[in-house]
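Written below as structure tokens is the structure these notes are about.
Side chains are part of it too, since the values below use all heavy atoms of this structure and drop only hydrogens, waters and symmetry mates. Just so you know, these numbers come straight off a predicted model, no measurement behind them. By convention in this document, chain letters (A, B, ...) are assigned in the order of the sequence lines, proteins followed by strands, and residues within each chain are numbered from 1.
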Number of protein chains: 2
Amino acid sequence: MDQAIITTPPTTASQIYDWLRRRVQTTDLPPGARISETEIAAEIGISRQPVREAFIRLAADGLAEVKPQRGTYIGKISVGAVLSARLIREAVESDLTKMVAQLRPKDGLAAMQAQIDLQKQYLGPDDVECFVESDDRFHRQLAIAAGHEAVWNDLERLKAQINRLRHLSMRVFDRQHTIDQHQLILNALTAGDSYAAEAAMRAHLRQILDDMPQIRQAQPEFFTD
Amino acid sequence: MDQAIITTPPTTASQIYDWLRRRVQTTDLPPGARISETEIAAEIGISRQPVREAFIRLAADGLAEVKPQRGTYIGKISVGAVLSARLIREAVESDLTKMVAQLRPKDGLAAMQAQIDLQKQYLGPDDVECFVESDDRFHRQLAIAAGHEAVWNDLERLKAQINRLRHLSMRVFDRQHTIDQHQLILNALTAGDSYAAEAAMRAHLRQILDDMPQIRQAQPEFFTD
DNA sequence: TATGGCATACTTCCATACAAGTAAAGATGA
DNA sequence: TCATCTTTACTTGTATGGAAGTATGCCATA
């Protein structure tokens, strides 16, 4: 995939960024939490500078907010941002779905089924992380099957907001329901039923509209309008 | 719009970032150009640090590439990135178009017409910047009319890649053609013809597929695959 | 002439010191 | 007791020096 033969070792700042980003996505660093350049730097035994640059990149992703001279905070889950990211995702993935329903690439559909089968093994309470990752791969395979994997990479940037919410909801809601929706989509795709596949995809991606209010009610301090 | 009453003065780094970003978007800093922390810092009489942080933010936007110990370069226009951003935009805006065709908000449609009228005054060779801005406002008004202005803000991040290309093409191609397409979309919206409006929007957003190869042929050094 | 090794001049990266601003605790006064 | 001012500890922002790595040109050598 990546044609780069020589790989420069990642900088310290990049490693800090990756580490922090993972912790934010999994809500290990909860929304609204305060983080400090000095504190983290001391914790891992480096200077403030690389940590600071990681903060800047997190802020660029909309995952943190740097308030000059006041502090840096993990961004709360913005309901508005989730809604617009969701709308974008629905529009794009329904277009991709229609493409795949017409192409019906054998390998692509098989890869999607493989992810569904995998998801059935990740229903336990400790499998949230694995389930979410397979869920992502299912949707990535859709983009690949449509011949536009790059589109999924762009979507992932927007999905940053959604990911934390989904991570919270997957702990609570029935993952089997998600699997059923995936299967419904794939069945329609396999049958080449473009209309049904699009409808199933849109319904699937609207699920979060039902889930979000409940998650918010349970942990209102994680959210903002 | 913005509820923030107290406004902290922007940091030096932020100002450098805004300045550089504008220069990149207008191709004043051409794709592939080399930029240097030391050079820019000396040029405006500050230290390297704020410049460096501006570079990091540009890189996060996909507008620059920082190669450790080697140099920083303005990102070339990635054909793949443009294509996937375009596909996303088409999917989203065609959904928005369908929404507006059903809602037919009087004020929103009037605001869109106002932008079209404005665009007719920006056909001169020095009006590229004004035309592009009005073009953006036309599409933003569509999102507003659909009740999802936030969606347009998200799209603008992805559009960063497209903007430079459009800036190049608007100098060359007939802007009247763009205006005609806008009017075609708006007429269908006003008539409440959802199907025609969506088709017109998709056709409009596919225009770049025709333009890009010609721009690339004229200036191949600005592009990469 | 061509080639390999080396010095040199760059680049960004990281560490450190200080500056500027914020916020909260505590002292002081009524 | 309450309000107000001051101090103090904290935050991020900026400047600067040096470290690590890269690219380039020079020069010796075959």
Side-chain angles (χ1 to χ4, degrees), chain A residues 3-21 23-24 29-76 221, chain B residues 3-21 23-24 29-76 221:
Chain A
Q3 283 216 350
I5 300 171
I6 53 107
T7 73
T8 61
T11 63
T12 308
S14 276
Q15 298 180 55
I16 306 293
Y17 166 74
D18 290 339
W19 176 60
L20 287 177
R21 186 182 166 93
R23 292 184 63 190
V24 173
L29 282 172
R34 181 172 189 168
I35 53 180
S36 152
E37 296 176 3
T38 314
E39 200 174 311
I40 293 180
E43 189 179 327
I44 50 187
I46 58 174
S47 76
R48 276 176 48 213
Q49 204 55 42
V51 179
R52 172 177 177 75
E53 296 179 359
F55 282 12
I56 292 173
R57 291 175 61 183
L58 275 183
D61 292 338
L63 293 177
E65 188 179 3
V66 179
K67 301 183 180 180
Q69 273 78 42
R70 302 181 67 185
T72 302
Y73 300 83
I74 304 298
K76 295 197 175 186
E221 73 277 12
Chain B
Q3 284 218 349
I5 300 172
I6 53 106
T7 71
T8 61
T11 64
T12 309
S14 276
Q15 298 180 54
I16 305 293
Y17 166 73
D18 290 338
W19 178 60
L20 287 176
R21 187 183 165 93
R23 292 184 63 189
V24 173
L29 281 173
R34 180 172 189 170
I35 53 180
S36 152
E37 296 176 2
T38 315
E39 198 175 313
I40 293 180
E43 189 178 327
I44 50 188
I46 58 172
S47 74
R48 298 183 333 251
Q49 200 57 38
V51 179
R52 171 176 177 76
E53 296 181 358
F55 283 10
I56 292 172
R57 292 176 61 183
L58 274 183
D61 291 339
L63 293 177
E65 188 179 1
V66 179
K67 302 183 180 181
Q69 274 78 41
R70 299 180 70 185
T72 302
Y73 300 85
I74 303 299
K76 295 196 175 188
E221 74 277 12

I want to check something: taking the side chain as every heavy atom from C-beta on, are D61(B) and V24(B) in contact at a cut-off of under 4.5 Å?
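Answer no - side chains too far apart.
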
Out of curiosity, [X] [atom1] to [Y] [atom2], how far, rounded to the nearest 0.5 Å?
X: Q49(A); Y: E53(B); atom1: CD; atom2: CD; value: 6.0 Å
X: T12(A); Y: I44(A); atom1: OG1; atom2: CD1; value: 8.5 Å
X: L58(A); Y: I35(A); atom1: CG; atom2: CD1; value: 6.0 Å
X: T72(A); Y: E39(A); atom1: OG1; atom2: CD; value: 11.5 Å
X: F55(A); Y: R48(A); atom1: CZ; atom2: CZ; value: 10.0 Å
X: Y73(B); Y: S36(B); atom1: OH; atom2: OG; value: 10.5 Å

Dot-bracket assigned to DNA chain D with the 3.5 Å Watson-Crick/G-U criterion, [ ] for crossing and | for other-strand pairs, is ||||||||||||||||||||||||||||||

Every protein N/O within reach of nucleotides 10-13 of chain C N/O, cut-off under 3.5 Å:
residue : atom : partner : partner atom : Å
dT12(C) : OP1  : I35(B)  : O            : 3.4
dT12(C) : OP1  : T72(B)  : OG1          : 3.3
dT12(C) : OP2  : E37(B)  : N            : 3.4
dT12(C) : O4'  : Q69(B)  : N            : 3.4
dT12(C) : O2   : Q69(B)  : NE2          : 2.8
dC13(C) : OP2  : R52(B)  : NH1          : 2.3
dC13(C) : OP2  : R52(B)  : NH2          : 2.9
dC13(C) : O4'  : Q69(B)  : NE2          : 3.3
dC13(C) : N4   : R48(B)  : NH2          : 2.9

Counting only side-chain nitrogens and oxygens, does S47(B) get under 4.0 Å of the OP1 or OP2 atom of dA15(D)?
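For dA15(D), OP1/OP2 do have a side-chain N/O of S47(B) under 4.0 Å.
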
Could you state the atom-to-atom distance from CD of Q49(A) to C1' of dT12(D) in whole Å?
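The distance from CD of Q49(A) to C1' of dT12(D) comes to 11 Å, rounded to the nearest Å.
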
Side chain to side chain contact (heavy atoms under 4.5 Å, CB included) evaluation trace for W19(A) with Q15(A)
CA-CA 6 Å; W19(A) 176 60; Q15(A) 298 180 55; over 6 Å; no

